[in-house]
Amino acid sequence: MKGTTVYLGIFFGLIVVSEAGNWDIYKNKISTTLELSPNELKTLSPVVNVLSAERIPNGLVKATVIMDKSIAASRNGQRLFRRGNSGNSSSKWIETAKKIKQEQERLQNRKIFLPGMNYSEFDFNTFHNLTEIYSFLQVVTMTFPEKTNLLMIGQSFEARKILALKIGNHSTAKEKKSILLHGAIHSREWITTATMLKLIDELLNNPENTDLLDDIDFYIIPVLNPDGYEYTWSTDRYWRKSRHIDPETGLDGVDLNRNFPTFWAPATNVTGPSSEVFPGFEPMSEIEIISLDRFIESLGKNLISYWDIHSYFQVIMYPIAAKCHVRGKHFKEHLKASSIFIHGVKEKNGAEFKQGTTCDLLYPASGTSFDHFYLERKVIYSFTVELFPKFDDTTNEFVVELDKIETATTDFISGFIPVARYLQVKIHSGFFDHI
Ligand SMILES: [Zn+2]
C-alpha cells in the first residue's frame, strides 16, 4: 500500500511539471483516459506522460495519459484506445510501445544520408527512411556507373517509385543469368532493407565478388512496399501491409505476400479486410505485385533465383508454402542450396538458421511470392528468408537494435554469397541450358 502511495505521488508530481511546461511540445501527441492497475500504469510510463491519475474502487487507477500520435496510431495503440475506460490494457502493446519509443530515441542521433553526400558517408549500421535510401541508390549509380543501373520497375498505390538496382559487369554473353532479391514487402521489417543495402555494398566493394558479377546480374529491390515503409516511419512503426485503403469496402491495406495468384485464397470471415494478412479481394489486385511480376516475367528464363527477404525467425524456406507435406519437383536442389545457406551463416556468425517449407517451419501460407515465381515463372531457386532475430527474441523482433544490424546483415550475406557461387558453378556446367 505504501508503495502505491509513493508511486501515485510520482505521477501527481508529473501533473505539475506538465502544466508548467510548454504545451507546444504536445502538438504531435494525443491523450486518452484509461482505467488500469497501478502496476500497469507504471509499465506504461516509459511511453506516455501521465496528465492526471486518481485512485478509483477495485484497486484501479483512472489515468489520463498523453502519447505520441505515431504510437497511438499503431494497431496496438488503437486497441488500447478502444479499451480506454474498460479497465483492460494490453501488456504486449506496452512492450511494443516501449520498443518503438526506444528506437525513436536511438534514431535521433543516427547519421542521416543527405543529398550531396558521398557513397562512403552512408551508414550501413543504422536505418534510413525512403528518401535517404533512394538518394543513396542514385549515389551508388554515380559511384559505380560501369557496374550498376537504377531501374524503376513500377509504382506503388500511392504513386511512389519501386526501384531496382541492377549490379553486374558488362558481358558479351547473350543471355547472362540473373538473381533477384527484395526486402520490405512487409514494411515493418526494416532489417530486410538494411540487408539489401549491405548486400549492394558487398557485391560492389568486395573484390572477391568480381567474377560473380561477370557471370550473374543481381537485381536488388531494397523496398518493394514503399508506401508501407514510408508509413512505418511517419505513423505506425508496426505496419505490415500496403497502403491501399478504401473506406467503402473497409480495405485497410493488403498483405502483399498473400496477393500472388498462385494458391491465392480468399479471406475467410476470420481474416476480414482489416486483418494483418488480408490477401486482397482478388489475386494480383495490387499494383506493387503486378509491377514485380511483370518485371520478373521480362527477365524470362535468365532469372535463375528469386529471394524474398523477411524478418524475423532465422529460417530459409523453399516451395511449396501453400500446402503442407508438398515439395517442389526441384526439392533436392532446394535442399542443397538452402543447406549451403545455413552452413555459410553458421560458419560466419554462429547463427543457426533452420530450413524447410513454410508449413514445416511456420504455417501454410497461400498466395506467397516464392510459390508463384517458382511454379508460374519457373524460377527454380526461389526462396523466402526470415532474418534476425530468432523467434523468441522479444527484445528485438521487428525493431532491431542498431548494434545488431551488422550481425543481422552479415548473417544473410554469408549465407547468400555461397549460394550464388553454387549457382555460378551450375551456370558453367550448362545446368540451366537443359531446362
Ligand atoms: Zn514478412
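As the structure lists them, so they are numbered: ligands from 1, and atoms in each ligand from 1.
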Subject >> Residues that Phe398 engages under ring-ring contact (aromatic ring centres under 6.0 Å, His included), provided they are two or more places apart >> reply: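 Per chain and number, Phe398 pairs via ring-ring contact (aromatic ring centres under 6.0 Å, His included) with Tyr238, Tyr312.
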
Original post:
Can you list the protein N, O or S atoms less than 2.8 Å from the Zn ion (ligand 1)?
Top reply: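 Listed by chain and number, the nearby protein N, O or S atoms are His186 ND1, Glu189 OE1, Glu189 OE2, His310 ND1.
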
Original post:
Can you list every salt bridge (charged side-chain N to carboxylate O under 4.0 Å, His left out) pair that touches residues 105-128, not counting sequence neighbours?
Top reply: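 Every pair satisfying salt bridge (charged side-chain N to carboxylate O under 4.0 Å, His left out) with a residue in residues 105-128: Arg110-Glu132.
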
Subject >> Where Ile179 and Ala420 come nearest, the two heavy atoms and their spacing >> reply: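 Heavy atoms of Ile179 and Ala420 come nearest at CD1-CB, 4.2 Å.
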
**OP:** Could you tell me how the ring of Trp233 sits relative to the ring of Trp190: parallel (under 30°), tilted (30 to 60°) or perpendicular (over 60°)?
**Re:**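 Judged by the thresholds at 30° and 60°, the geometry between Trp233 and Trp190 is parallel.
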
Subject >> Ring center gap for Phe412 and Phe416 short of 6.0 angstrom >> reply: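 Yes; Phe416 has its ring centre under 6.0 Å from that of Phe412.
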
Subject >> Pairs touching residues 314-327 that satisfy side-chain hydrogen bond (donor to acceptor under 3.5 Å, both in side chains), sequence neighbours left out >> reply: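 Those involving residues 314-327 are Arg327-Asp360.
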
